[in-house]
Amino acid sequence: MLTALIAEDELLVRMGISSSVPWSEMDIAVVGEARDGLEAWELYQKYRPDIVILDLLMPGMSGVELLGRIRENDPRCAVIVVTSVDKGETLDKVKALGISGILHKMTMKRDDISEAVRKVLDSLRPAQDESSVAAMQEKKAWEDFLFGDSPDGKLFQA
């Protein structure tokens with residue numbers, strides 16, 4: 001199961017995002033909702049979510065700074081930006097840091113939010129599947145070694 005964090009200082013927008021996505025149908029658990037950048041950073045550090053839906057303009061710590069911190073820790077975390085800014089230096093900066101999508105507050109609809117999350121899933125699930133395959137192969141190698149099914153008694157080949 002993937003995890004998500006919603007970081008939005010406006011209560012109604014945060015509630016709208018939370019209620020617009022069929023999280024359980026997508027096999028995603030929302031691990032937290034933050035009302036400012038500092039709370040979002042604390043929740044991010046605690047849960048290390050796969051997906052962060054992030055407002056750019058929040059009190060405590062800006063979304064730009066939070067995105068920078070997230071990227072320092074996890075370049076693969078999918079970040080969907082929610083903003084009322086539609087152009088300029090701020091958007092250029094977040095695009096350079098790497099984002100998975102942008103939702104514009106003034107025009108976004110419920111379906112737009114779900115669609116943005118669905119697009120992110122396409123990029124996250126193959127990576128999750130690859131790591132699962134690698135883990136299964138390693139587990140099999142250990143089982144073979146421990147239970148004597150390894151033909152030469154060696155765990156891994158050089």
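Sequential numbering from 1 along the given sequence is applied to the chain's residues.
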Nearest heavy-atom approach of Trp23 to Ile17 is CZ2-O, 4.1 Å

Run the numbers on Val82 and Ile53 for side chain to side chain contact (heavy atoms under 4.5 Å, CB included), then give the verdict.
CA-CA 7 Å; Val82 178; Ile53 300 177; 3.5 Å; yes

Backbone N or O of Met58 within a donor-acceptor pair of the Arg35 side chain at under 3.5 Å?
no

Minimum heavy-atom distance between Leu124 and Ala78, given as atom pair plus value:
CD1-CB, 4.1 Å

State whether the side chain of Glu10 and the backbone N or O of Leu12 hold a donor-acceptor pair below 3.5 Å, judged by distance alone.
no

Nearest non-hydrogen partners of Gln45 and Arg48, listed with the distance
O-NE, 3.7 Å

Tell me, yes or no, whether the heavy-atom count around Asp27 atom CG, taken from other residues, nucleotides or ligands under 6.0 Å, exceeds 12.
yes

Stepwise, does the side chain to side chain contact (heavy atoms under 4.5 Å, CB included) test hold for Val21 with Arg118?
CA-CA 9 Å; Val21 178; Arg118 284 186 209 287; over 6 Å; no

Roughly how far apart are Ile80 CD1 and Leu103 CG, rounded to 0.5 Å?
6.5 Å

Whether Thr3 side chain and Asp50 backbone form a donor-acceptor pair below 3.5 Å:
yes

Flag the pair Ile51 / Met26 as yes when at least one side-chain heavy-atom distance between them is below 4.5 Å, and no otherwise.
no

Polar side-chain atom of Trp41 near backbone of Ile70 as donor-acceptor pair, under 3.5 Å:
no

Say you draw a straight line from CG of Leu57 to NZ of Lys105; how long is it, rounded to the nearest 0.5 Å?
7.0 Å

Trace of the side chain to side chain contact (heavy atoms under 4.5 Å, CB included) decision for Asp112 with His104
CA-CA 10 Å; Asp112 296 337; His104 296 280; over 6 Å; no

Are the side chain of Ser20 and the backbone N or O of Gly16 linked by a donor-acceptor pair below 3.5 Å?
yes

So which atom in Leu67 and which in Leu54 form the shortest heavy-atom distance, rounded to 0.1 Å?
CB-CD2, 4.0 Å

In sequence, state the C-alpha distance, the side-chain angles, and the governing distance for Arg14 and Asp55, and then conclude on salt bridge (Lys or Arg N to Asp or Glu O under 4.0 Å).
CA-CA 9 Å; Arg14 191 169 64 245; Asp55 183 12; over 6 Å; no

Rounded distance [0.5 Å steps], CD1 in Ile6 versus CE in Met15:
11.5 Å

If every non-hydrogen atom of Pro49 is compared with every non-hydrogen atom of Leu5, which pair is closest and at what distance?
CG-CB, 3.8 Å

Would you confirm whether Arg71, through its side chain, and Cys77, through its main-chain N or O, come within 3.5 Å as a donor-acceptor pair?
yes

Please report the interatomic distance CD1(Ile28) to CE(Met1), rounded to the nearest 0.5 Å.
8.5 Å

For a quick test of reading the model, state the closest non-hydrogen atom pair linking Pro59 to Asp36 and the distance between them.
O-CB, 3.2 Å

Which value, rounded to the nearest 0.5 Å, describes the distance between Lys119 atom NZ and Glu115 atom CD?
5.0 Å

Going by heavy atoms in the side chains, are Val81 and Lys95 under 4.5 Å from each other?
no

Apply the test salt bridge (Lys or Arg N to Asp or Glu O under 4.0 Å) to residues Lys93 and Glu65: give CA-CA distance (whole Å), side-chain angles for both, the deciding distance (0.1 Å), then the verdict.
CA-CA 10 Å; Lys93 190 179 278 188; Glu65 184 180 348; over 6 Å; no

Interatomic spacing from OG in Ser100 to CG in Leu121 - rounded to 0.5 Å
10.5 Å

